[in-house]
> 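Take this structure first; my questions come after.
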Amino acid sequence: MQYYSLNRQSPPIDFRAATIAGQAPDGGLYFPETIPQFSAEFLDSLPTLSPADLAYQVMQPYVGDTIPAAELRRICAETVNFPFPLVPVTGRISALELFHGPTLAFKDVGARFMSRCLGYFSRGESAPVTVLVATSGDTGGAVAHGFLGVPGVEVVILYPSGKVSPLQELQLTTLGQNITALEVQGNFDDCQALVKQAFKDDSLTSRRTLTSANSINVARWLPQQLYYLFALQQWTPAAPPVISVPSGNFGNLCAGLLAHASGLPVGHFIAACNANDAGAEYLRTAIFAPKTAVATISNAMDVGHPSNFVRILELFKHEHATISQLLNGYSVSDADTSATIRRVEAERGYLLDPHGAVAFFALEKYLADYPAAAGFLLATAHPVKFPEVVEPLIGRPVELPAALHYLLEKPKHSVPLAPSYEALRTWLLS
Ligand SMILES: *Cc1c(COP(=O)(O)O)cnc(C)c1O
């Protein structure tokens, strides 16, 4: 499989090169040259396939011969070694829980797959690869856990001091091994600016091999298709589901659309957005106009310019009429998000996180117009990650899952860093 740049000014490359490069030299996102088709046998065997076998069969055509079969099977098995249950919430709505991984959010799968691919590709390299990443909270934890203990890879995470939640900070700073957390005396924009400057500094990159673990990387984007297949394994109604995806950068939704283009039966997709609704607006008006991001309570979706939207347009050859037959967009306010968390907990005993609540509300709206349809939302994070939003709404604390209690006992290790590029450069070269 070859990948071409959506800006079409860089040559096509294979999975290995695309994983290492992240973005094309012309600034474009990489896109697969062909969309593999699921065979009838594969779809028939779906309910009985193990998660690891399923992951291998879906990912193999994308990886091609850049990773030998036995290695790729190991990578797939390690990527999906936690459950993805489809839990009924109402008679017509279920939640696909994607928060049972190590950092309690769906980004774990993409981060685990990408880290292991990069670990394989860096084998035999004399110098370790350094993954440099800035985080406002969630991405850093998923990337750090994904790369933990992967030989040949060092991870350096920059996070803004005092501006991530206590749980997020523990997930960044208690790992040790090949993970270092730099605690920047500044905000997220400072962290991001420092990382960008490092990638542009030839005098640094000639002495230390740097890679990003950015969400536009094909090795992080493509494995997100697996969620939709895991859901279909558990889907029992005869009619294919309506699937509501809480969307920010639109990587997750685009992966679902890709699985559908490969032949996965899906009734309809919903792009569930918060007030940052450039994608939903495009679906309504056929005009894609990025905006400045505004802050909401579903903050992982506070994206004004969704970078993966170009991949959706490419998948549908920029035909708005075709896209809007399969995909509806909704913009959900913070007030409706909060009311949904409170109502679903009170009436159904099911606790949504703010991102899942956006998707639940949008799905309910859609289903109101289609009384015979049923579907599920992607519950992308565990509610315990957003206590400041959720706890006042339900009037009680949210319990930390037992699997995470160990975090509370671990000592925090971070390296304080002034928000200056010289400070970062000196640290990286020391
Ligand atoms: C990243 C994230 C999203 C948005 O996913 P995209 O692929 O960027 O659209 C939704 N929910 C949570 C909890 C996230 O961390």
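Atoms within each ligand, like the ligands themselves, are counted from 1 in listed order. Only a predicted model underlies this, so the values are computations on that prediction, with no experimental measurement involved.
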> Taking the six-membered ring for Trp, is the centroid-to-centroid distance between H320 and Y282 below 6.0 Å?
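Yes, the ring of H320 comes within the 6.0 Å limit of the ring of Y282, centre to centre.
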> Are any of the heavy atoms in F99 under 4.0 Å away from ligand 1?
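No.
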> May I ask you to check whether T380 has an N/O atom sitting below 3.5 Å from an N/O atom of ligand 1?
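Between T380 and ligand 1 (N or O atoms, distance only) the closest approach is under 3.5 Å.
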> Using a 4.0 Å cut-off to any heavy atom of S247, which atoms of ligand 1 qualify?
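Near S247, meaning under 4.0 Å from one of its heavy atoms, ligand 1 has 9 (O).
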> So that I know where these two stand, are Y370 and H268 an aromatic pair - ring centroids less than 6.0 Å apart?
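No, the ring of Y370 stays outside the 6.0 Å limit from the ring of H268, centre to centre.
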> Does ligand 1 come near enough to F386 that some N or O of the ligand is less than 3.5 Å from an N or O of the residue?
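Between F386 and ligand 1 (N or O atoms, distance only) the closest approach is not under 3.5 Å.
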> Taking all heavy atoms of T66 and all of R16, pick out the closest pair and write down the distance.
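Nearest pair, atom of T66 first, then R16: CG2-N, 3.7 Å.
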> Please state which protein non-hydrogen atom is closest to atom 3 (C) of ligand 1 and give its distance, to 0.1 Å?
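Nearest protein contact, heavy atoms only, for atom 3 (C) of ligand 1 is F106 CE2, 3.6 Å.
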> Distance under 4.0 Å to a non-hydrogen atom of A381: what atoms of ligand 1 satisfy this?
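Selected atoms, number and element: 13 (C).
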> So is there a nitrogen or oxygen of M301 less than 3.5 Å from a nitrogen or oxygen in ligand 1?
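Not met; the criterion fails.
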> Which heavy atom of the protein is the closest neighbour of atom 15 (O) of ligand 1, given with residue, atom name and distance?
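The answer is K107 NZ, 2.5 Å.
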> Using distance alone, decide if ligand 1 has a nitrogen or oxygen within less than 3.5 Å of any nitrogen or oxygen in N252.
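Such a contact does occur with ligand 1.
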> Taking atom types as modelled, find out whether N274 and D302 have a side-chain donor-acceptor pair closer than 3.5 angstrom.
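Note: N274 and D302 side chains meet the donor-acceptor criterion.
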> Is ligand 1 less than 4.0 angstrom away from at least one heavy atom of P246?
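Yes, that is the case, since the closest heavy atom of the residue is under 4.0 Å from the ligand.
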> How about F106 and F99: are their ring centres within less than 6.0 Å of each other?
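No; F99 has its ring centre 6.0 Å or more from that of F106.
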> Nearest heavy atom to atom 6 (P) of ligand 1: which of V303, T139, N249 does it belong to?
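It is N249 that holds the nearest heavy atom.
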> Less than 6.0 angstrom separating the ring centers of H100 and F84, yes or no?
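No, ring centres 6.0 Å or more apart.
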> Under a 4.0 angstrom heavy-atom cut-off, which atoms of ligand 1 come close to G251?
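That gives atoms 6 (P), 7 (O), 9 (O) of ligand 1.
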> Between E183 and S161, do the side chains contain a donor N or O and an acceptor N or O under 3.5 Å apart?
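Short answer, yes.
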> Do T19 and V218 come close enough that some side-chain heavy atom pair is under 4.5 Å?
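Yes. Closest side-chain heavy atoms under 4.5 Å.
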